[in-house]
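This report concerns only the one structure given below.
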Amino acid sequence: MADDMDQDDRAQGVDKRRKGRGHRDTTEWAERYGGARFKELDPNAKPGPTASVEGWVIFITNVNEEAQEEDIHEAFAEFGDVKNIYMNLDRQTGFVKGYALVEYKGHKEAQAAINEMNGKVLLEQTIQVDWAFRKPQRRR
Amino acid sequence: MADDFYLRYYVGHKGKFGHEFLEFEFNKDGRLRYANNSNYKNDEIITREVYVSQSVITELKRIVEDSEILREDDNNWPAPDRVGRQELEIVLGGQHISFTCTKLGSVLQVQNSKDPDGLRIFYYLVQNLKCFVFSLISAHFKIQPIQK
């Protein structure tokens with residue numbers, strides 16, 4: 001039965017399987033916000049990474065689940081003064097979830113960290129390093 | 001359309017201090033919208049918007065996939081009520097889930113439900129998603145979302 005529905009969906013150009021009570025019980029986004037605008041830091045900027053309130057934030061993934069903040073600090077301190085580290089634990093297992101945010105004051109420091117550390121091995125795992133935030137791309 | 005992606009989470013209730021809620025939304029272009037509303041002490045809604053990089057979206061997708069929430073269904077989960085309401089809507093891998101649930105106070109409440117295994121997945125995924133979003137919002141805007 002589910003297969004038949006999928007074929008019909010695909011024929012109509014809709015290829016998603018829907019599950020959940022929320023489909024039948026929708027709430028209006030607009031109702032909650034009464035037209036309130038979502039505040040951005042700099043709505044009129046050119047494409048590329050964007051500065052955060054106090055610095056530049058990079059995003060690291062595939063972090064070893066046993067990593068300590070010290071390990072991150074040690075690996076990233078050579079590019080500049082590390083202003084902040086966010087490394088969350090999985091709320092069920094207690095191990096590191098796998099990502100971390102590192103903040104530098106300057107764009108150059110953050111760029112250097114990305115250039116040098118992306119694809120490097122940290123605690124036996126190859127990490128990816130990129131900017132966390134970017135300017136909006138107005139594609140439409 | 002198979003690479004379409006969207007994620008939205010809402011938790012809230014209506015009470016003495018108005019409609020208190022937390023909501024965030026990611027779209028596939030990386031636009032993250034965050035809102036936190038309460039009328040406690042006449043507070044007003046806080047809303048923020050920032051574009052995250054594709055790396056962040058990729059990691060978010062991994063967190064969702066690892067949880068296996070897309071295999072679950074909310075049929076046997078406790079429905080939203082006066083205590084509160086949660087909504088989790090995700091479009092990923094050709095699936096579109098839209099789950100609703102009351103507020104969950106503890107692991108015990110999950111254990112005693114009619115679908116403890118499925119509800120547990122939801123319970124922990126929501127916590128992990130909140131941590132993820134709170135860190136992004138804190139890092140970018142230097143505000144501290146209050147975790148209830």
Side-chain angles (χ1 to χ4, degrees), chain A residues 6 9 13-27 29 32-34 36-41 43 49-55 57-62 84-93 97-103 118 128-137 139, chain B residues 1-2 4 8 10 12 19 21 23 25 29-31 33-35 37 45-56 58-59 62-63 70 72-75 77 79-80 85 87-89 91 94-101 120 123-124 127-128 131-132 134-136 138-143:
Chain A
D6 279 356
D9 279 352
V14 174
D15 57 0
K16 298 203 186 89
R17 278 201 213 116
R18 295 176 167 244
K19 281 196 296 185
R21 290 186 293 229
H23 286 299
R24 303 182 278 290
D25 167 26
T26 55
T27 43
W29 177 271
R32 291 194 186 129
Y33 298 96
R37 277 214 53 198
F38 284 80
K39 293 199 178 97
E40 318 162 56
L41 288 189
T50 192
S52 301
V53 167
E54 283 173 16
V57 181
I58 65 177
F59 188 70
I60 305 152
T61 51
N62 202 32
N84 238 322
I85 298 175
Y86 298 80
M87 190 169 70
N88 294 323
L89 306 182
D90 182 300
R91 298 300 298 267
Q92 187 171 15
T93 67
K97 191 64 181 152
Y99 63 87
L101 300 170
V102 168
E103 181 187 341
N118 184 35
Q128 310 299 316
V129 186
D130 187 9
W131 295 104
F133 305 108
R134 60 175 189 82
K135 293 164 186 160
Q137 273 166 264
R139 271 188 231 164
Chain B
M1 285 305 249
D4 206 0
R8 181 178 67 82
Y10 161 93
H19 183 186
F21 70 88
E23 185 160 33
E25 173 195 72
D29 293 329
R31 189 190 68 198
R33 284 184 164 174
Y34 163 89
N37 187 50
I45 191 169
I46 295 170
T47 61
R48 293 291 188 273
E49 175 177 309
V50 62
Y51 279 74
V52 297
S53 68
Q54 272 311 112
S55 303
V56 173
T58 300
E59 179 68 0
R62 180 193 72 88
I63 291 173
L70 296 165
E72 302 302 323
D73 205 310
D74 62 356
N75 284 330
W77 297 357
R85 179 184 185 89
E87 294 172 6
L88 179 65
E89 186 173 0
V91 174
Q95 287 223 70
H96 183 171
I97 62 170
S98 183
F99 296 159
T100 62
C101 188
R120 187 177 308 115
Y123 180 76
Y124 284 114
Q127 291 189 40
N128 287 325
C131 286
F132 188 75
F134 289 172
S135 292
L136 289 166
S138 289
H140 191 61
F141 295 104
K142 297 292 170 173
I143 60 177

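Each chain gets a letter, A, B and so on, in the order its sequence line appears, and its residues count up from 1. Side chains are part of it too, since the values below use all heavy atoms of this structure and drop only hydrogens, waters and symmetry mates. Predicted, not measured: the structure shown is a model, and the values here were computed from it.
- The backbone N or O of A:Arg91 sits less than 3.5 Å from a side-chain atom of B:Asn128, completing a donor-acceptor pair.
- Under a 4.0 Å N-O distance rule, the pair B:Asp74/A:Arg21 qualifies as a salt bridge.
- Between chain A and the options B:Leu136, B:Val50, B:Thr58, B:Leu88, heavy-atom pairs under 4.5 Å are most frequent for B:Leu136.
- Counting all heavy atoms, side chain and backbone alike, A:Lys135 lies closest to A:Thr50 at CG-CB, 3.8 Å.
- The contact between A:Gln92 and chain B is made by backbone and side chain atoms together, counting heavy-atom distances below 4.5 Å.
- The nearest pair of heavy atoms linking A:Asn88 to B:Cys131 is ND2-O, 3.1 Å.
- Considering only heavy-atom pairs separated by less than 4.5 Å from chain B, the leading option among A:Ala51, A:Gly55, A:Ser52, A:Pro49 is A:Ser52.
- Looking at residues two or more places apart in sequence or on another chain, you find a salt bridge (Lys or Arg N to Asp or Glu O under 4.0 Å) between B:Glu49 and B:Arg33.
- Taking the ring-ring contact (aromatic ring centres under 6.0 Å, His included) definition, one finds that B:Phe132 meets it with A:Tyr99, sequence neighbours left out.
- Heavy atoms of B:His19 lying under 4.5 Å from chain A belong exclusively to its side chain.
- Between chain B and the options A:Leu101, A:Val129, A:Val53, A:Asn62, the largest number of non-hydrogen pairs under 4.5 Å is found for A:Val53.
- Contact of A:Phe59 with chain B is made through the side chain alone, with heavy-atom distances under 4.5 Å.
- Of the listed residues B:Arg62, B:Glu89, B:Arg120, the one with more heavy-atom pairs under 4.5 angstrom with chain A than any other is B:Arg62.
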